[in-house]
Amino acid sequence: LLMDEASPSAPESLAPTTWAPKTIAKEPPAYSSEQPKKWCGITNPFARFPISIAFIVGTEFCERFSYYGMRAILVIYFSRFLQWSDEHATVMFHVFVLMSYLTSALGGALADSRLGKFRTIFYFSIIYCIGNCIMSFTAVPGVTGRPPQAWGAILALLLIALGAGGIKPCVSAFGGDQLRSDDPALIRTYFALFYFTINAGSLSMIITPKLRADVSCFGENECYPLAFGLPAVLMALALAIFLLGRSRYIINIPPRNVLFDTCGVVWTSLRVRFTRWRAGLPRSGGWLDPAVKEYGSVFVDEVRALGGVLLVFAPTPLFWTLYDQQGSRWTLQAERMKMFGMGALGEFQPDMMQAMNTVLVLLMIPLFQRGVYPLLARLRIPPTPLQRMTAGMVLCGVGFVISGLVQLRIDNSLPLPSVPGPAGLRFTNACDRLLQFQSNQTIGAVLQPGTRTDYMSLLPGALHLTTNEESLTYVVLAGALHTVFAVPNGTTCSLVGMRDEYEAFAQSGNKGRVRVFNGVGSAISVTSSPDELDVSVAPNEMSSFSSGAMLSGSYTLSTSAATRASVRVQGGAMYTLVARNGSLDWFEDMPGNQVSILWQAPQYVVMTAGEILFSITGLEFAYQEAPATMKSVLQAAWLICTSIGSLIVIIVAEAFDFSSPATAFFVFAAMLGVVLILFIVIARQYKYVADHSGEGRDTHDTLPLDTEPLLSPSPSSSSPPTTVLSTGL
């Protein structure tokens, strides 16, 4: 729609105070019952959408690209860059998600007040952009101090949460306002397209983890400033696209401050009923009827309809409690699984698995819209929205049960090296010649240079060891594992005994652990390329596993003694590197993660099918069942359910100390099962306001359009007054 200039006294005017009179008007798009156009014989389902939808969809794509790209690396940023524990990182991740959805109440209230949806989106987008810039800048090493302090991330995430939450309930409702249609099927198609766009934007969850892991910057192996900088650029682009479409939008004027008036209806009804109760007067009519005199019967009926939808929404947060843990518990689970190489693209990273949800959504939306739902209609069993949402909750619970079973398999696949008897000991030959090991017990071996034995059973206590060159008395501890090294010492080979301690570093996630034994005879330093390892070791000493954490991948190890070796590190594994004169010997002490990350695929497939049924249907249900004056408010209420879901995760994580991740998965699935029963009871009693059969009943209530001109036409203009739509900021 093109805009007409109007009076400079109008409060929304940003135009000059003088102008040459010109009046241009364009009617809202009219929808016919004709079949949509076809491309190459294929029906185009979007041909009936106005051009303004393209700008709104483009804005949503860029904003979701920014949000999900930033969110995908957030847990790892907390745990690796800010060095928080896994539990603390999980809690803070869900605090951010909670704030992002909780602030949607503010955005919805402002959008349905005199501010309107257009200005609400614009103002909160500016806040959003500022937060993204701060996030990228404070991720530069040294900006917030060494070690890095959390104040930069906290400030940035507060602004991002405010901006994302402020615009989130407005964009989808603003797009729905462009559809002056009497066809519920068109509205259903719009929300499917809108949700498709959300998930297309979330493909950034593949890109930002690669930028983080594969780009080195500011002297660090991981580049968080670049990974957070790309979302900042996309959010700025989202704002630009939104403003480019301003002359095409239908902008409705909210006729009242819906939030305040809704509270007024409730307060007036409670006050009158309490007064009548104290006076001993009998109850009459509905409980909101006392507010009809002050607010009118139409608005009171709208508040009553709002209450019915909110009652349906009450049990839904438990779905989001499970769903949002894809970015926390499921990501941490992925860190303890076996990665795979992607050729020139490098190693698959655990936080990239979240992108599978996005890809599946993009595939399943057309499948459900063009396959599942039409098939059900032909079978004369069209499911109602609440039936679809019920099926979605069931699938969500099943997905978490599957994740629990996968976790049990992970837990059983990482046994520590077992003690073969009362105690265990093995021999390692770091010398350059064959040696024969003997003892006062029944253990012994003949070893070539750079080889070692398995653990052998022996009794604890003093152990007398000899080779054909040296002897050693070493104390063996009960229930412990030990290694005796033969190392060069001048012209002979000495014996050095050490205890092997694996327990503290078991299940190291996506990192392998490397310790270095120096058998060279002088101090050495060991480094790796790519730069992950840098340790210095004194002669006949061994570094700790704690100083040798390395991401899974292939490396070239080098020592200051000019020796090199190519090795591969697997996540969760433990290794011993023995440096001896002229060579490096690489031993695997404990195998790495054994369960492939692809075993997470079934839980993502089931969860995504549940999301299609539950989330898209919920958006459609919230919009169609909402009164015309409360579209953004109910969209915000739907989003607040998501924030409550994250709050439940935080409460449960802080209140309960689960013995294992698998236990947590099963507990959350059981919680959803209990709430599902309550949801079914409420859904069976709900009476629909809108027509969901797709037969074509008009469900789009009429709101006054924004016809207030920006500048008054010149008095000399002879043109008759024309109704126009103002789209100024």
Side-chain angles (χ1 to χ4, degrees), residues 76 79-80 83-86 147 221-222 332 335-339 347 350 410-411 413-420 423-428 430 450 452-455 476-477 479-485 487 496-520 523-560 565-580 584-594:
I76 291 180
S79 62
R80 295 184 186 173
Q83 299 175 6
W84 292 349
S85 67
D86 284 354
N221 296 329
E222 297 180 315
L332 295 174
E335 280 207 313
R336 290 171 170 80
M337 302 182 77
K338 186 177 182 179
M339 303 299 115
E347 190 85 4
I410 294 172
D411 295 342
S413 69
L414 290 175
L416 287 170
S418 58
V419 180
L425 184 140
R426 66 183 169 196
F427 301 113
T428 300
R452 73 178 184 184
T453 66
D454 293 331
Y455 284 109
V476 176
L477 301 178
L481 297 172
H482 305 266
T483 298
V484 172
F485 295 88
V487 297
V496 178
M498 294 186 179
R499 181 181 176 184
D500 296 327
E501 298 181 282
Y502 300 106
E503 295 84 356
F505 305 102
Q507 296 188 1
S508 300
N510 195 39
K511 289 187 175 183
R513 296 284 178 173
V514 180
R515 60 181 182 177
V516 179
F517 180 81
N518 180 6
V520 174
I524 62 169
S525 60
V526 181
T527 58
S528 68
S529 177
D531 186 13
E532 281 283 324
L533 182 68
D534 187 358
V535 296
S536 298
V537 189
N540 299 336
E541 295 290 338
M542 186 159 57
S543 65
S544 169
F545 283 121
S546 62
S547 61
M550 303 176 68
L551 290 172
S552 60
S554 298
Y555 296 90
T556 299
L557 303 181
S558 305
T559 72
S560 53
S566 296
V567 301
R568 178 165 182 82
V569 176
Q570 184 178 338
M574 295 185 187
Y575 304 93
T576 297
L577 177 69
V578 178
R580 57 192 182 93
L584 294 174
D585 300 317
W586 181 257
F587 299 101
E588 182 182 79
D589 296 331
M590 189 180 82
N593 302 330
Q594 299 298 301

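This one's a predicted model, so the numbers in the text were calculated from it and none came from an experiment. For reference, positions follow the sequence shown, starting with 1.
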Beyond-backbone contact of [X] with [Y], side-chain heavy atoms, under 4.5 angstrom:
X: Arg515; Y: Asp500; answer: yes
X: Leu481; Y: Pro420; answer: yes
X: Phe545; Y: Asp589; answer: yes

Rounded distance [0.5 Å steps], [atom1] in [X] versus [atom2] in [Y]:
X: Leu425; Y: Leu477; atom1: CG; atom2: CG; value: 11.0 Å
X: Leu577; Y: Thr559; atom1: CG; atom2: OG1; value: 8.5 Å
X: Glu335; Y: Ile410; atom1: CD; atom2: CD1; value: 11.5 Å
X: Arg499; Y: Met542; atom1: CZ; atom2: CE; value: 12.0 Å
X: Tyr555; Y: Trp586; atom1: OH; atom2: CH2; value: 9.5 Å
X: Met550; Y: Tyr575; atom1: CE; atom2: OH; value: 9.5 Å

Under 3.5 Å, is there a donor-acceptor pair between the side chain of [X] and the main chain of [Y]?
X: Thr453; Y: Arg426; value: no
X: Asn593; Y: Met337; value: yes
X: Asn518; Y: Glu541; value: no
X: Thr428; Y: Phe485; value: no
X: Ser558; Y: Thr527; value: no

What pair of heavy atoms forms the shortest contact from [X] to [Y], and how long is it?
X: Glu532; Y: Ser528; answer: N-OG, 2.9 Å
X: Ser536; Y: Ser525; answer: OG-CB, 3.7 Å
X: Ala423; Y: Val476; answer: CB-CG1, 3.5 Å
X: Gly519; Y: Val487; answer: CA-CG1, 4.1 Å
X: Ala549; Y: Arg513; answer: CB-NH1, 3.3 Å
X: Ser543; Y: Val537; answer: CB-CG2, 4.1 Å

- Message: Run Asp585 and Arg452 through salt bridge (Lys or Arg N to Asp or Glu O under 4.0 Å) and show every step you take.
- Response: CA-CA 10 Å; Asp585 300 317; Arg452 73 178 184 184; over 6 Å; no
